[in-house]
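Have a look at the structure below, then the notes.
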Amino acid sequence: MATDRNARLVEWLEDAFAMEQEAETLLKAMGGRIEHYPDLKARIEQHVVETQGQMQELEGCLEALGGSKPTLKAAAGSVMASMHAMGNAMMNDEVAKGVGISYAFEQMEIATYRALAIAARRAGQESIAERCLAIQAQEEAMANWLYDAQPQIITAFLDREAAEMDAKR
Ligand SMILES: [Fe+2]
């Protein structure tokens, strides 16, 4: 049983686990449908593996606090709703939109782990704080990659679209 002192930390770790489950589902959906952007596909696939590792880390943190294996919680938030929409709809500008939505999702993850690290430190759980900061660094690397790659991906997307329109003329 978690003590009261750890209750908020446990809850936030469970929330983070649910968030990563969403991330895994949606990254896999997006990665699986990318055909023309091999660098983006590879980076997303790498982040799927990182995300799976993050879920294991979160499980380990919860175990260390005496909690049980987390179960899937209902997802909340407009970013997740957008990700769902992206996962469900085959938009013709999916790649272009997906880069922006993924970037937004990474920012939410970064904020989540920053908050978790603070909560862990306050609860005297230094090693959990460090694990959360290590995950945060992976999210920052993914966010930075997406940010840097976006201009090239958007340009390539618009080039492809223009070429397709010319071909139809
Ligand atoms: Fe993540």
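Just follow the structure's listing: the first ligand is 1, and inside any ligand the first atom is 1.
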> With a cut-off of 2.8 Å, which protein N/O/S atoms are close to the Fe ion (ligand 1), if we only count those under it?
Replying inline: Glu20 OE1, Glu20 OE2, Gln54 OE1, Glu109 OE2, Glu139 OE2

> Regarding Glu109 and Tyr113, is there a side-chain donor-to-acceptor distance under 3.5 Å anywhere?
Replying inline: no

> Mind checking whether Leu146 and Val49 sit in one hydrophobic cluster, side chains of I, L, V, M, F, W, Y counted as touching below 4.5 Å?
Replying inline: no

> How many angstroms lie between atom CH2 of Trp12 and atom CG of Asn6, to the nearest 0.5 angstrom?
Replying inline: 13.0 Å

>> Working note: Glu11 + Asp15, criterion side chain to side chain contact (heavy atoms under 4.5 Å, CB included); need CA distance, chi angles, decisive distance, verdict.
In response: CA-CA 6 Å; Glu11 189 190 325; Asp15 289 346; 4.3 Å; yes

>> Apply side chain to side chain donor-acceptor pair (under 3.5 Å) to residues Gln136 and Glu140 and explain how you reach the verdict.
In response: CA-CA 6 Å; Gln136 185 191 324; Glu140 283 171 342; 3.0 Å; yes

> Does a salt bridge link Glu164 with Lys168, judged by any charged N lying under 4.0 Å from a carboxylate O?
Replying inline: no

